[in-house]
S.K.: 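The structure under discussion is supplied below as structure tokens; questions concerning it will follow.
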Amino acid sequence: ADTPETPGLLILFVALLLLAAAALYLVLPGGWHAEPNAIDAFVHQAFYQVRVPLLTALAGYVASLGSWPVYGSLALGMLAYLYAGHNRRAAAHWVAVLAFGGALALGLQLVGWIGTQRPMDYFANTMHTAFPSGHIVFATVVYFFLAALVTTRKPAEKRVIPYLIAGVLVLLIALAQLYLGHLWLSGLLISVLTALIWVGMLGLAYRRHGGHGVSLRTPAIIAGVCLGIIPLLTAPSAVTNAQQELVSHTREQTWTISQWQNTNWHTLPPAREDIAGKAKQRFNIQWRGERKDIQQRLEAAAWLDSLPL
């Protein structure tokens with residue numbers, strides 16, 4: 001029996017997908033509740049405050065490591081290598097992890113298409129419901145199961161480096177997605193945890209069926225080519241898109257006085273928003289002038305400065 005137990009894995013997969021989808025529906029805005037939770041909002045706002053063009057370009061490049069051209073090429077390259085080496089058991093499990101991992105990523109992607117906005121679009125009030133956690137799911141599945149294959153039947157001290165590399169790679173991709181405002185923290189954690197559970201189940205099934213370890217050298221070359229060369233082709237567009245999004249979502253605007261007086265005054269936010277984007281204190285007055293002039297007029301009208309906290 002070179003193939004995994006398909007019926008049992010199918011049941012586990014469906015259960016895992018349903019649990020993950022339910023968790024995403026409960027925690028993400030647009031599902032059970034309209035606004036993001038405080039932690040998600042705080043993390044996004046913290047990253048947004050340090051958005052600069054240079055770091056945005058770097059994050060765009062790192063995020064491209066979790067795009068389909070990179071992990072897809074690695075997946076196909078490893079599949080060809082396993083079949084060419086007549087390692088049918090490893091190839092069968094690799095196909096299973098790709099097939100179920102792809103279905104898992106697609107299923108979680110559909111949850112986002114129901115109505116979940118990306119953080120950057122939610123706070124900018126733009127309609128964009130793409131939910132790229134499917135990419136982080138598939139990337140996590142591919143990178144960590146590759147580590148599981150090359151560490152099977154290896155001594156414990158030789159298992160650390162492959163898993164460490166996979167972990168650092170997924171962590172960097174996740175941080176880049178958070179920095180770019182593409183993912184909510186809670187959705188990211190649920191997606192990655194779901195992928196790791198699936199990899200753990202497939203890795204355990206592979207070992208229980210007497211799977212042999214795969215030579216580290218060739219997979220390392222395949223991974224090195226896919227991670228080192230393909231991003232050089234895909235990253236320029238990813239970096240450009242990230243920088244364009246930064247410019248389009250910049251909240252500072254410059255108007256002429258006539259533009260403000262005639263049309264644009266009513267496009268300004270009607271209230272001060274809290275960290276989760278909820279309207280709290282209404283803006284009842286718009287005043288054009290220097291701060292010192294406003295302060296003098298208010299003081300002349302018996303206004304007082306608020307007491308320090």
Side-chain angles (χ1 to χ4, degrees), residues 2-4 57-102 104-105 132 134-177 192 195-196 198-207 209-239:
D2 293 324
T3 58
L58 179 60
Y61 177 83
V62 174
S64 70
L65 299 177
S67 61
W68 69 264
V70 178
Y71 62 68
S73 300
L74 176 57
L76 293 177
M78 278 299 302
L79 183 61
Y81 163 70
L82 293 174
Y83 270 111
H86 303 289
N87 194 339
R88 293 190 299 171
R89 191 184 303 277
H93 282 80
W94 186 255
V95 170
V97 79
L98 294 180
F100 286 97
L104 185 65
H135 291 296
I136 195 71
V137 168
F138 214 142
T140 302
V141 166
V142 170
Y143 296 146
F144 270 93
F145 194 72
L146 176 60
L149 282 181
V150 300
T151 57
T152 299
R153 311 302 177 192
K154 298 291 194 304
E157 62 272 11
K158 293 186 178 181
R159 299 178 186 176
V160 176
I161 299 300
Y163 281 110
L164 182 62
I165 294 175
V168 170
L169 189 58
V170 171
L171 177 61
L172 290 176
I173 295 171
L175 289 175
Q177 295 282 17
V192 172
L196 291 177
W198 179 242
V199 169
M201 290 191 297
L202 261 295
L204 180 61
Y206 180 66
R207 290 187 174 91
H209 283 76
H212 299 290
V214 177
S215 173
L216 180 59
R217 182 177 180 180
T218 302
I221 295 175
I222 296 174
V225 170
C226 294
L227 293 172
I229 296 180
I230 295 179
L232 297 178
L233 304 176
T234 61
S237 61
V239 170

S.K.: Rounded to the nearest 0.5 Å, what separates atom CG in Leu65 from atom CD1 in Ile230?
M.R.: 10.5 Å
S.K.: Locate the shortest heavy-atom distance separating Pro219 from Met78; write the atom from each residue and the value.
M.R.: CB-SD, 3.7 Å
S.K.: Any side-chain to backbone donor/acceptor pair from Ser67 onto Ala63? Under 3.5 Å, distance only.
M.R.: no
S.K.: Nearest 0.5 Å, what's the CG-CG distance between Leu98 and Leu76?
M.R.: 8.0 Å
S.K.: Within this structure, what is the OG1-CD1 distance for the pair Thr234 and Ile229, rounded to the nearest 0.5 Å?
M.R.: 12.0 Å
S.K.: Closest heavy-atom contact between Gly77 and Ile222?
M.R.: O-CD1, 3.7 Å
S.K.: Taking C-beta and beyond as the side chain, do Thr152 and Val214 meet within less than 4.5 Å on heavy atoms?
M.R.: no
S.K.: Within this structure, what is the CG-OG1 distance for the pair Leu146 and Thr151, rounded to the nearest 0.5 Å?
M.R.: 9.0 Å
S.K.: Should the ring pair Phe145 and Tyr206 be called parallel, tilted or perpendicular, given that the plane angle runs from 0 to 90° and is split at 30 and 60?
M.R.: perpendicular
S.K.: Counting only heavy atoms not in Lys158, do more than 12 sit closer than 6.0 Å to its NZ atom?
M.R.: no
S.K.: With no hydrogens and no angle check, is any side-chain donor or acceptor of Arg153 less than 3.5 Å from a backbone partner on Arg207?
M.R.: yes
S.K.: Looking only at non-hydrogen atoms, find the nearest pair between Ser64 and Val70 and report the distance.
M.R.: O-CG2, 3.3 Å
S.K.: Shortest non-hydrogen contact from Trp94 to Ala75?
M.R.: NE1-O, 3.0 Å
S.K.: What is the minimum heavy-atom distance between Cys226 and Pro231, and which atoms define it?
M.R.: O-CD, 3.1 Å
S.K.: Could you tell me if the side chain of Ile136 sits less than 4.5 Å from the side chain of Ile173, heavy atoms only?
M.R.: yes
S.K.: Could you pull out the closest heavy-atom pair between Val170 and Tyr143, with the gap in Å?
M.R.: CG2-CD1, 4.3 Å
S.K.: Nearest 0.5 Å please: distance from the CG atom of Leu169 over to the CG atom of Leu164.
M.R.: 11.0 Å
S.K.: Say you draw a straight line from NZ of Lys154 to CG of Leu149; how long is it, rounded to the nearest 0.5 Å?
M.R.: 9.5 Å
